[in-house]
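Here's the structure, in structure tokens; my notes come after.
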Protein chains: 2
Amino acid sequence: MPAISKREQIISEALRLFYQHGFNATGVDKIITEAGVSKKTLYNHFRSKDELVLATLRKRDELFRNNLMRETERLASTPRERLLAVFDVVSAWFQEKGFSGCMFINAAAEFPDTADPCRILSAEHKRLVCDYIRDLAEQAGANNPNELAKQLNLLIEGAIVCTYVGADDSSADRAKEMAKIFLHNALG
Amino acid sequence: MPAISKREQIISEALRLFYQHGFNATGVDKIITEAGVSKKTLYNHFRSKDELVLATLRKRDELFRNNLMRETERLASTPRERLLAVFDVVSAWFQEKGFSGCMFINAAAEFPDTADPCRILSAEHKRLVCDYIRDLAEQAGANNPNELAKQLNLLIEGAIVCTYVGADDSSADRAKEMAKIFLHNALG
DNA sequence: TTAAAGGTATACCGATCTGTTTCCTTTGTC
DNA sequence: GACAAAGGAAACAGATCGGTATACCTTTAA
């Protein structure tokens, strides 16, 4: 067993290619070439491309939320400060080289069927991010942490779209300033 | 010349199919079958599928913004009320049968290349919607109508994503409530 | 009457797609 | 050293993709 399994190699390249070029536009041939594995190996680890897409989205969810939580907790120490620090983490994400929007918003666009496992997983990802914000809101003592979390989450989604589709670089800062108002309303 | 030209027939079906199933997932064969025209006719009116996609997005922008402005002005009479009515129009859009998110967000997901004409057109669409809101903000007497418009626009984008990807039906109402705060701050 | 224009229907092209199969080599383990 | 599992390379299958070409039909206008 090598240090990095073939399965991880495949998912790692699929993550990059699906994110940069889209799901339908990225063929399995491209993935195996970039990952340096044979087609047989890919289909030995995944029953179909759809299953690879799902595994890739699950990995993305794990990486994204782990990074969000780690960075948020690194940048600020109190729950209230962390609710604002989330926007700094998001802002840094926007400025990463190769930023290509939210992979789950992109997935929802490419898999319009509501019953598609990708759509279900995307909704789940959004819920889990919102759950983390709600935890912070609870710790900060918000009287309605769920509503505050949904408000801040909506601001994040708006910032993503305004940045990626609208090409407005000021969106992350704007969302943070808007968030301050709701933090003040909910926490005094 | 028929009442409805072949070109319009094609664009009309392309609008429906691209929106419901995505751009890459919709082949030209499907479009001509549904539109009831031959492939030669399609390629007589459009040089390529890419050009058809562009023409379809242009039509969508026209229809969407015309409807937004018409409905907003029908629902409310003063500029300030109209800034809020925009959220009612958006809410009604979310509840339409066949709602499948924002076609321009979806297009940005399927055409990740920043230089792609579809991306440029999508950014332009977002700018034009924001421009309309800014006009209303100006008429309402906001001291910084541009900033207010960008704030409200960000709330709309957030509501779209939370509704479509996050499957949260309360997002439109939430965005409207959030908008009231910024209206109050900007207009007293 | 006739010729041009624009339409339909259909066959076809080369490329690309997901997925399978075959044959051979490597690798780890008992 | 023997053997089983995994992987690599490449051909292949069947379908679909965007786009072109051919042949025939219908309308229209000079």
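Within every chain, numbering begins at 1; the chains are lettered A, B, ... in the order of the sequence lines, protein sequences first and strands thereafter. Note that this is a predicted model, so its numbers are computed, not measured.
C:dG7 atom P lies 12 Å from atom CZ of B:F46, rounded to whole Å. Atom pair B:Q9:CD and C:dG6:P shows a separation of 16 Å (rounding to whole Å applied). Taking atom CG of residue A:N44 and atom C1' of nucleotide D:dA4, one finds them 14 Å apart after rounding to whole Å. Rounded to an integer number of Å, the gap from NZ of A:K40 to P of D:dA6 is 10 Å.
Remark: B:R119 does not engage B:D116 in a salt bridge, criterion side-chain N to carboxylate O under 4.0 Å.
Nearest nucleotide to the side chain of B:K6, out of C:dG6, D:dA6, C:dT8: C:dT8.
In terms of modelled atom types and a separation under 3.5 Å, the side chain of B:Y164 and the main chain of B:C102 share no donor-acceptor contact.
Here the two rings, on A:F111 and A:F23, have centers that are under 6.0 Å apart. Between B:F104 and B:F18, the ring centre distance reaches or exceeds 6.0 Å.
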So A:K126 and B:D168, salt bridge (charged side-chain N to carboxylate O under 4.0 Å, His left out) or not? Walk me through it. CA-CA 10 Å; A:K126 294 298 184 189; B:D168 185 342; over 6 Å; no
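By the side-chain contact (heavy atoms from CB on, under 4.5 Å) test, B:Y43 is found to be paired with B:V28, B:K39, residues two or more places apart in sequence or in another chain being considered.
One finds no side-chain N or O of B:H45 lying less than 4.0 angstrom from the OP1 or OP2 phosphate oxygen of C:dG6.
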Sub-3.5 Å pairs of nitrogen or oxygen atoms, protein against nucleotides 17-19 of chain C:
unit_1, atom_1, unit_2, atom_2, d
C:dT18, OP1, A:K49, NZ, 2.7
C:dT18, OP2, A:V28, N, 2.9
C:dG19, OP2, A:Y43, OH, 3.0
C:dG19, OP2, A:K49, N, 2.7
C:dG19, N7, A:K39, NZ, 3.1
C:dG19, O6, A:K39, NZ, 2.7

